[in-house]
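Keep in mind the model is a prediction, meaning the values are calculated, not measured. All residue numbers refer to positions in the sequence shown, counting from 1.
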Amino acid sequence: MNQGFVVYETQFGNIRMEYEEDKIILMKKVHTQVTDKGVATKLTDKVYQQLLEYFDGKRKVFDFPYKMNGTEFQKKVWKALCDIPYGEIRTYKDIAVAVGNSKASRAVGMANNRNPITIAVPCHRVIGSNGKLVGYAGGVDMKEKLLEMEKKINEKRKID
């Protein structure tokens with residue numbers, strides 16, 4: 001079985017990707033010092049390229065193969081996250097309603113927290129009902145920067 005990991009440097013810090021066969025199974029920001037950068041593959045290089053295109057405002061949707069392991073509820077939430085358009089936001093309550101349980105806002109937050117494929121499965125687009133940027137595995141500062149970047153690019157495209 002072909003599995004492993006690699007760490008790439010980005011403008012948002014180090015991003016760790018784990019892969020199994022021909023699918024990404026984890027993509028997260030690394031908050032600690034990295035000594036072992038792992039082994040890159042054609043797949044991880046493709047994902048890294050897509051990340052760079054996204055950070056440069058040239059990509060709105062990711063199309064690399066990934067596999068997400070989680071509960072059925074988590075998978076429903078993660079699918080709902082993928083339905084949030086680029087540059088838009090939803091509340092935890094909005095996602096709870098989208099997955100069929102309007103009282104599950106807290107559970108949606110926990111599913112977001114366990115999202116193994118950050119950025120591509122855009123949990124950064126989910127905010128608190130009060131409009132506050134709450135919780136993000138990459139850090140609230142990164143969440144804010146990603147949302148600002150998407151908003152600016154959307155506004156620029158409307159002008160062009």
Side-chain angles (χ1 to χ4, degrees), residues 1-90 92 95 106-128 132-154 156-157:
M1 178 182 269
N2 179 25
Q3 59 184 21
F5 77 95
V6 64
V7 177
Y8 290 97
E9 291 180 27
T10 75
Q11 67 195 64
F12 289 101
N14 290 327
I15 303 288
R16 179 183 174 109
M17 293 179 211
E18 294 180 10
Y19 53 88
E20 197 172 272
E21 294 304 324
D22 58 349
K23 292 186 171 60
I24 297 295
I25 59 169
L26 179 115
M27 185 164 70
K28 291 251 187 225
K29 182 177 177 181
V30 180
H31 295 279
T32 57
Q33 187 66 32
V34 176
T35 53
D36 183 358
K37 298 221 177 198
V39 178
T41 66
K42 278 185 179 177
L43 171 62
T44 62
D45 284 346
K46 174 185 176 179
V47 175
Y48 178 60
Q49 187 59 44
Q50 288 189 17
L51 269 176
L52 294 179
E53 291 167 3
Y54 168 77
F55 293 147
D56 286 343
K58 297 176 181 142
R59 174 175 291 277
K60 289 184 170 187
V61 177
F62 293 87
D63 62 2
F64 60 85
Y66 59 85
K67 180 174 116 182
M68 299 180 75
N69 296 312
T71 67
E72 287 308 309
F73 179 79
Q74 288 170 334
K75 289 176 183 178
K76 275 187 188 177
V77 169
W78 299 332
K79 184 184 177 323
L81 298 177
C82 292
D83 293 337
I84 304 171
Y86 179 95
E88 293 186 21
I89 55 174
R90 299 292 184 270
Y92 292 97
I95 301 301
R106 210 167 260 173
V108 166
M110 291 306 296
N112 272 15
N113 181 267
R114 294 205 170 36
N115 173 10
I117 313 285
T118 57
I119 303 172
V121 176
C123 54
H124 62 276
R125 295 182 188 151
V126 183
I127 64 170
K132 294 217 188 287
L133 303 182
V134 292
Y136 184 63
V140 174
D141 58 327
M142 181 176 174
K143 181 175 189 166
E144 183 175 22
K145 287 175 185 165
L146 291 172
L147 291 173
E148 284 176 10
M149 177 194 73
E150 288 185 10
K151 184 178 175 189
K152 279 183 192 166
I153 289 165
N154 262 1
K156 185 179 183 305
R157 285 199 173 121

For this session: Could you list all the side-chain hydrogen bond (donor to acceptor under 3.5 Å, both in side chains) pairs where at least one residue sits in residues 4-16, not counting sequence neighbours?
Result: Tyr8-Thr44, Tyr8-Asp45, Glu9-Lys37, Arg16-Glu18
Are any non-hydrogen side-chain atoms of [X] and [Y] less than 4.5 angstrom apart?
X: Tyr86; Y: Val61; answer: no
X: Leu51; Y: Met17; answer: yes
X: Trp78; Y: Pro116; answer: yes
X: Val6; Y: Thr41; answer: no
X: Phe5; Y: Leu26; answer: no

Rounded to the nearest 0.5 Å, how far does [atom2] of [Y] lie from [atom1] of [X]?
X: Leu147; Y: Glu88; atom1: CG; atom2: CD; result: 11.5 Å
X: Arg106; Y: Met110; atom1: CZ; atom2: CE; result: 10.5 Å
X: Lys23; Y: Met68; atom1: NZ; atom2: CE; result: 13.5 Å
X: Ile119; Y: Met142; atom1: CD1; atom2: CE; result: 3.5 Å
X: Leu43; Y: Asp22; atom1: CG; atom2: CG; result: 7.5 Å
X: Phe62; Y: Lys46; atom1: CZ; atom2: NZ; result: 12.0 Å

Under the 3.5 angstrom rule, does the side chain of [X] hit a backbone N or O of [Y] as a donor-acceptor pair?
X: Gln50; Y: Arg59; result: no
X: Lys76; Y: Thr71; result: no
X: Gln3; Y: Tyr19; result: no

Exercise. Is the number of heavy atoms from other residues, nucleotides or ligands within 6.0 Å of NZ (Lys143) greater than 12?
Worked result: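 Counting other residues, nucleotides and ligands, NZ of Lys143 exceeds 12 neighbours.
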Problem set entry | Heavy-atom neighbours of Lys79 NZ exceed 12 at 6.0 Å | no
Exercise. Does any pair with a residue in residues 112-126 pass salt bridge (Lys or Arg N to Asp or Glu O under 4.0 Å), and if so which ones, sequence neighbours excluded?
Worked result: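 Those involving residues 112-126 are Arg125-Glu150.
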